[in-house]
Every structure is written in structure tokens, then in C-alpha cells.
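Lettering follows sequence order; numbering is per chain, from 1.
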There are 2 protein chains.
Amino acid sequence: MDDKTRSTYFTFFNEIGIISQLSRTILESRLPDGMLISHFSVLNHLMRVGDGRTPQDISRAFQVPKTSMTHTLAVLEKHNLVEMKPNPKDGRSKNVWITAKGREFRDHAIAGMDPDIERLSGLLAEFDVATVSEQLAGIRKIMDASRDEKD
Amino acid sequence: MDDKTRSTYFTFFNEIGIISQLSRTILESRLPDGMLISHFSVLNHLMRVGDGRTPQDISRAFQVPKTSMTHTLAVLEKHNLVEMKPNPKDGRSKNVWITAKGREFRDHAIAGMDPDIERLSGLLAEFDVATVSEQLAGIRKIMDASRDEKD
DNA sequence: ATTATATAGTTCGATATCGTACTTAATTGA
DNA sequence: TCAATTAAGTACGATATCGAACTATATAAT
């Protein structure tokens, strides 16, 4: 493979990683003590794609080991932000439901970022973030669909 | 602030986060056992921007606590991938130098991703990754420069 | 039907990450 | 000059993340 392709993709993923880290830091600094991105992300996911999913569904969506998700969900459940119920279709499995408190928490966290988004949208006025975002969504969908292919 | 701006930025950072996680998983699966993204990233950083930096410089670059960097550097040093020397300009500080073995490790890790980049560059042919990357670099630079402003 | 295999989730031990408190050295300011 | 403050790195304890092994249930094979 040619050097240019390698360097293009490597640079791309590097930029993605830096922006991801910067945005994580911003969001995390707005979350209450003890709450991490992992917790927020699961709640946000459940509201975006709908709740009642299994832990496996969620761990696959985030591309993290199921054992990590067990732990994250246990924390959320302890804080009454989600409820775990038996999966009526599969005795081994569970269904995860977000609680009213969980919805509030997520909405409040998003609202808490308003000053940051205000500031950033001013600073980034010269960029077409919406269009870049659409491109990224396309790239993400393809990467997501091919995630298990290897070699 | 209007809902559209909020949702644009929120979607943008969400896409960034997903792609970041997908690319991290790909890279990490190519690293030898026990080596994580954090280790690779530091070596890569030292080669990109030059070594001899202080631990603080590096922790600030990655926007992680200095105590996390202490640990990461200790692991790298134990594996002889970096060397820590006293900072001649500041008795409290250190300088971090990448070793020949560290350079090899980083180059080898990058080469190990070739099959993935090959595959992705085929799948993503319809996207102008280089141009998106340039946009991201611009966004990243501004975010990076304004990272400590708040409220 | 019964056994073999695969799957969902948990437990457990190891390492990573992080916040707080501490040590040591540099800098500031009276 | 020297006390007060700031800054770099580390030690330590708490939680997060992860891989391997395990339990319980579902599915497949005969």
C-alpha cells in the first residue's frame, strides 16, 4: 500500500482521537462527581436508540467487552438510573430500561454543556461542522458495518 | 442557544466518539499482549513532535492527569521503550526519550495496521478522507487552543 | 429425548485511570 | 535573604476496564 494512503488514514484517526479526548474532557468536567463518560454514554444511547436492549446489545454498540458493560450497568442501577429486568425471550439475558431519573440525568448533562457549545460554536464559525458531521456519519456507518472483518 | 446548534455539535461529537472507539479497537487488536493505546500513543507522540519532553508536556498534550502519565511512562520504561533522564533545566522535572526499541515498536505497530487501512480505504473510497481530515485538523487546533476556557 | 455446543451474563484477578495528598525544587515578593 | 507560593513528579487508595474462567440457559445434532 502506498505511503500517502497510510498517512492520510493515520492522520485522520489521530485527529479523531484528539478531538474525542478534548470533547470527553469537556463533557466529563460537567458531570457530577463519580459520573463518567461511560455512564452518560449508556444513558444517551438508550434514549437515542430506545431502551429495553440487552447488555450484549449495548456492549456491542460501544465495542467494549461485555464484562465492562456489566460493571457500568451495575453502577447505573445502583444510582437508579437504569432498571434491569429479566428478558422474557431468553432466560440467560436481561433487558435494560432507563428510569425517569436516568432521563433527567442525561438531559441535565446535555444542558450542562450549553456554555461549552456556545463558546465552541463561536470559535468554530468558519467551519461547516454539520457537513463534516454528515461525512463522519457516512464513514462511521461503513466502519461499523465492517467492524468484524479482519485480515 | 438554539436547538439546532446544540444538536449539530452533539451529533458531531457523538460521531467523533464512535469512530474513535472503532479505530482504537482496531489498533489495539494489532498491538502485542499487554500493550494498550495509551502506550502506543505516547511513543507515537514522541516521534511526531520530538522527544526530550517532560512528563507534564505529554500529559497536557493528551489532556490526561499527570498521575496517569506517570504510570504510563513507568510501563514504557520497564519495557525499555523510553528512557527517563533528569531535566537539566529543572531539578523537579524529567525528560522523556524514546529508545531505539521504542521506535521499532511504534513503526511495527503502524505497519501492523496496513491490512486494516487497506480494507478501509477500499470501503471508504467514496469519501474524501483527506479533506475531512483537514477540516478536523482546523477544528482540533481551535479546540486545543481554547481548552482551558470555561463558563 | 439426550447429549454436545454455543451464548448471556457474572465472578475474579490484573492492570489502567484518576483524584487527593505529599515531597521536592523553583519562583515570587516582601 | 528568606518566607510564601507555585509547580513537577510520585505515592496511595478508589474505581474502571479488561481477559479468562465459570454458571445457567438456549440451540443444534443425533
Rounded distance in Å - CG (B:L76) to P (C:dT15): 15 Å
Nucleotide D:dA7, atom P - distance to CD of B:Q56 in whole Å: 10 Å
Sugar-phosphate only, base, or nothing, as touched by B:S93 at under 4.0 Å among non-hydrogen atoms: sugar-phosphate
Distance below 4.0 Å between B:H39 side-chain N/O and C:dA16 OP1 or OP2: yes
Option passing side chain to side chain contact (heavy atoms under 4.5 Å, CB included) with B:L136 (candidates A:I18, A:V132, A:T11): A:V132
Distance in angstrom units between B:R24 CZ and D:dC18 C1', rounded: 13 Å
Separation of atom NZ in B:K94 from atom C1' in D:dT10, rounded to whole Å: 8 Å
Pairs where residues 62-75 of chain B contributes a residue and the test salt bridge (charged side-chain N to carboxylate O under 4.0 Å, His left out) is met, not counting sequence neighbours: none
Steps toward salt bridge (charged side-chain N to carboxylate O under 4.0 Å, His left out) verdict (A:K141, A:D144): CA-CA 5 Å; A:K141 277 174 196 146; A:D144 208 35; over 6 Å; no
Phosphate contact (D:dG9 OP1 or OP2) by B:T70 side-chain N/O below 4.0 Å: no
N/O (side chain, A:T54) to phosphate O (OP1/OP2, C:dA8) under 4.0 Å: no
Between the protein and nucleotides 19-24 of chain D, which nitrogen or oxygen pairs come in under 3.5 angstrom?
residue : atom : partner : partner atom : Å
D:dG19  : O6   : A:T67   : OG1          : 2.8

A:S38 vs D:dA16: side-chain N/O to OP1/OP2 distance below 4.0 Å: no
Spacing of B:L36 atom CG relative to C:dT15 atom C1', expressed in whole Å: 8 Å
B:D57 side chain vs B:T54 backbone, donor-acceptor pair below 3.5 Å: yes
Interatomic distance where CZ belongs to B:F62 and P belongs to C:dC18 [whole Å]: 13 Å
Whole-Å gap separating P (C:dC18) and CG (A:L31): 14 Å
Test item: side-chain donor near acceptor, B:S41 and B:N44, under 3.5 Å: no
Salt bridge flag under 4.0 Å for residues B:R92 and B:D90: yes
Residue met sooner reading DNA chain C from 5', once B:D90 and A:N87 are mapped to nucleotides: A:N87
Electrostatic pair B:R103-B:D51, nearest N-O below 4.0 angstrom: yes
Spacing between B:M69 atom CE and D:dG9 atom C1', to the nearest angstrom: 13 Å
A:T72 side chain near D:dA16 phosphate (N/O to OP1/OP2, under 4.0 Å): no
